Asks: 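Dumping the structure here so I can ask a few things about it.
Keep in mind the model is a prediction, meaning the values are calculated, not measured. Lettering of chains follows the sequences in order, A, B, ..., and the numbering in each one begins at 1. All heavy atoms count here, side chains included; hydrogens, waters and symmetry mates do not.
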Amino acid sequence: MADHYYNSPDLKRFSEIGKEAPELADAFFAWYGKVFEEGALTAREKALIALAVSHAVQCPYCIEAWTDGCLEKGSDAEEMTEAIHVAAAIRGGASLVHGVQMRNHLEKLGM
Amino acid sequence: MGKVLPTLQKRRASLASGRAQQQVLSRVPLERSFRESLFASGLHPLRATGIGTLQVNVGKKCNQTCHHCHVDAGPDRTEMMPDEVVDAFLDVLGRTDIPVLDITGGAPEIHKRFDEMVIRAREMGRKVIDRCNLTITLLPNYSYLPEFLAEHQVEVVASLPYFKEGQTDAQRGDGVFQQSIEALRRLNAQGYGQPGSGLTLNLVTNPVGAFLPANQEAMEIRWRRELRLRFGIEFNHLFTITNLPISRFLEYLQESGNLEAYMTRLVNAYNPAAAAHVMCRDTLSVGWDGTLYDCDFNQMLELPLEGSAPRTIMDFDQALLEEREIAIGPHCYGCTAGAGSSCGGAVT
C-alpha cells in the first residue's frame with residue numbers, strides 16, 4: 001500500500017468528524033478544550049500527561065500534537081521522555097501483573 | 001567558552017543579506033498575508049502611537065554566536081555605531097521627552113562609548129535598558145559592568161533561554177550556561193533582582209527550536225523556583241520572546257525543513273489583541289549607521305520606514321515619526337502569535 005494509514009496533515013481535518021453529528025462534535029471539542037485549561041493541575045502538567053497517554057494509546061496524531069503541546073507549555077525533552085516512560089511502565093506492568101491470572105490458572109490445573 | 005561559530009556574513013551565506021531574507025520569506029505560502037490579517041482585525045494600516053522607547057542597535061559585534069540570533073552578530077562583525085550617530089541619538093534624547101533608551105547589539109557594552117551613553121541618558125533622567133548577553137560581563141575588559149550598571153541604575157535585560165545547561169548551550173554555544181549563571185550571581189551580588197534594591201534584572205527566554213514560547217506567567221513562576229533552588233539566582237521578571245524567522249534562525253528553519261510549518265504555526269496563532277499592542281507602535285529603532293527602522297527585526301531585514309518619515313536619526317522629526325505607518329512583512333506574524341512577543345516579552 002503506497003499511502004500511509006496515518007498522515008500528519010489529516011490531523012487538521014479532525015473537525016470533519018462533526019459533519020454527521022455536529023452536536024456531539026461540538027460537545028466533545030468544548031469539553032476537550034476545557035480539560036486542558038489551567039486547573040488544579042497546570043496546563044504544562046496536563047500536556048505531559050496527555051503526551052504519556054498518547055503513547056499508551058499509540059495515537060500518532062496525539063503524539064505529534066502533544067509533543068508540540070509540551071514544548072509550547074515549557075517542558076523539555078528530559079521531562080517528556082520521563083513522561084513516556086511512565087506510560088511504558090504502566091503498559092508493561094499491566095501485561096506483567098496479568099501473570100497473576102496465569103498463576104491462578106496454573107495453580108488450579110496443577111497438582 | 002566553546003567553539004565560536006562563524007556568522008552568516010563570515011560564511012558569505014546568501015541569508016547574510018536582509019533583502020535575500022525578505023525574498024525567502026515572501027516565497028513561503030501563507031493562508032493569508034500579514035496585511036490581510038491586519039485588515040481583518042481593523043488594524044490596517046498599522047500606525048505608530050508614539051515613541052516611548054528609542055532602541056539603538058550600537059553594533060553587531062558580540063562575543064557569542066547564538067544559533068537563533070536575528071542580528072547575525074558575532075566576534076567577526078565589525079559594524080559599530082560611529083560618533084556622529086551616537087551624538088545624534090543623544091541629541092534627540094536631549095531635545096525630546098522619550099522616556100526610555102534601550103541599548104542593544106550585538107553585545108552593546110563592547111561599544112567604546114557605551115558608558116557615556118548610559119551616563120548621559122541617566123543624567124537626562126531617562127530609563128536605560130541594557131540588553132546583555134551575560135557572558136560579556138565575565139571578560140576582563142568588561143568585568144566592571146555589574147557595578148557600573150548598578151551605580152547608574154540601568155535595567156538589565158539578560159538572555160537565558162533555559163534553566164538547564166543542555167538547552168542553553170544548544171542555542172547560545174558551549175559553556176554559555178555556566179558562565180551566564182556566574183554572571184547572574186555577580187549581578188545579584190550588586191543587588192540586581194533583589195527585593196527593595198530598585199535594580200531590575202529581567203530574563204529573556206526564546207524557545208530552543210521551531211515552536212512558540214510557553215505562557216510567560218507560568219514560566220516565570222517555574223523559572224523563579226528552579227533558578228532559586230538550583231543556583232540561588234534571583235530576578236524580577238521573565239520575558240518570553242518568539243523567535244522571528246530572520247537571519248540565523250531563518251537559516252536554521254530552512255536547513256531543518258521547518259520553515260513552512262513554522263510560518264504556518266505563526267499564522268495560525270495570529271492574535272488580533274497582540275497585533276494591537278506590537279512594540280513597533282511605541283518604539284523607534286536606530287541602526288548602527290543611523291538609519292531608522294520600526295523595529296530591530298525590520299532593521300535586520302533592511303526594511304526601511306514607510307512613506308515620508310525621515311530615514312535617519314540625523315533627520316529626526318518627532319511629529320512625523322510618531323504617526324508613521326509601520327512597515328510590515330510576513331515576519332511580523334512572529335510578534336502577533338499567541339500572547340504576542342516584544343522586547344518586553346508577551347504583550348497581552
Side-chain angles (χ1 to χ4, degrees), chain A residues 4 6-18 25-26 29-30 32-55 59-86, chain B residues 29 31 68 160-171 177 203-227 230 238-243 256-258 260-269 271 334 337-341 345-346:
Chain A
H4 295 289
Y6 294 109
N7 291 301
S8 187
D10 285 348
L11 179 58
K12 290 180 191 154
R13 298 173 51 207
F14 193 5
S15 61
E16 290 177 23
I17 208 71
D26 288 349
F29 287 117
Y32 189 94
K34 199 80 184 161
V35 163
F36 290 102
E37 289 177 1
E38 296 273 340
L41 294 174
T42 65
R44 190 180 79 87
E45 290 163 340
K46 289 180 180 181
L48 284 168
I49 294 170
L51 181 70
V53 175
S54 300
H55 283 76
C59 167
Y61 299 122
C62 310
I63 290 170
E64 191 172 312
W66 286 106
T67 298
D68 284 358
C70 283
L71 289 171
E72 295 189 348
K73 292 285 181 288
S75 291
D76 59 47
E78 187 184 354
E79 295 166 324
M80 291 157 67
T81 304
E82 283 190 15
I84 64 171
H85 270 285
V86 172
Chain B
E31 200 169 296
H68 71 304
L160 188 73
Y162 204 50
F163 50 75
K164 293 183 183 174
E165 185 165 1
Q167 290 84 349
T168 299
D169 286 2
Q171 184 185 81
F177 181 75
L203 300 181
V204 169
T205 172
N206 296 65
V208 186
F211 52 94
L212 297 179
N215 175 277
Q216 181 169 279
E217 198 177 339
M219 285 302 95
E220 183 177 299
I221 293 167
R222 193 158 164 251
W223 278 62
R224 196 177 307 288
R225 185 182 66 229
E226 295 291 339
L227 284 174
R230 291 166 187 253
L238 177 71
F239 298 155
T240 55
I241 298 188
T242 304
N243 288 313
S256 61
N258 278 308
E260 193 170 329
Y262 188 71
M263 291 305 296
T264 300
R265 195 180 288 254
L266 295 180
V267 172
N268 289 344
N271 177 358
S341 182

Asks: Can you list the residues that meet the salt bridge (charged side-chain N to carboxylate O under 4.0 Å, His left out) rule with A:D76, with sequence neighbours excluded?
Replies: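 Once residues adjacent in sequence are excluded, the partners of A:D76 under the salt bridge (charged side-chain N to carboxylate O under 4.0 Å, His left out) criterion are B:K164.
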
Asks: When rounded to the nearest 0.5 angstrom, what is the spacing between CZ in B:R265 and CD in A:E72?
Replies: 4.5 Å

Asks: More than 12 non-hydrogen atoms from neighbouring residues, nucleotides or ligands closer than 6.0 Å to CD1 on A:I17, yes or no?
Replies: no

Asks: Can you confirm whether A:E38 is buried at CD, in the sense that more than 12 heavy atoms of other residues, nucleotides or ligands lie under 6.0 Å from that atom?
Replies: yes

Asks: For residues 59-71 of chain A, give me every residue with a non-hydrogen atom less than 4.5 Å from any non-hydrogen atom of chain B.
Replies: A:D68, A:L71

Asks: Between chain A and each of B:G166, B:G209, B:A214, B:P207, count heavy-atom pairs under 4.5 Å; write down the option with the most.
Replies: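 It is B:A214.
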
Asks: In Å and rounded to the nearest 0.5 Å, what is the CD to CD distance from B:Q167 to A:E78?
Replies: 7.5 Å

Asks: Answer yes when B:E31 and A:K12 have at least one side-chain N-carboxylate O distance shorter than 4.0 Å, and no when they do not.
Replies: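 The answer is no: the pair does not qualify as a salt bridge.
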
Asks: Is it the backbone or the side chain of B:P213 that comes under 4.5 Å from a heavy atom of chain A, or both, or neither?
Replies: backbone

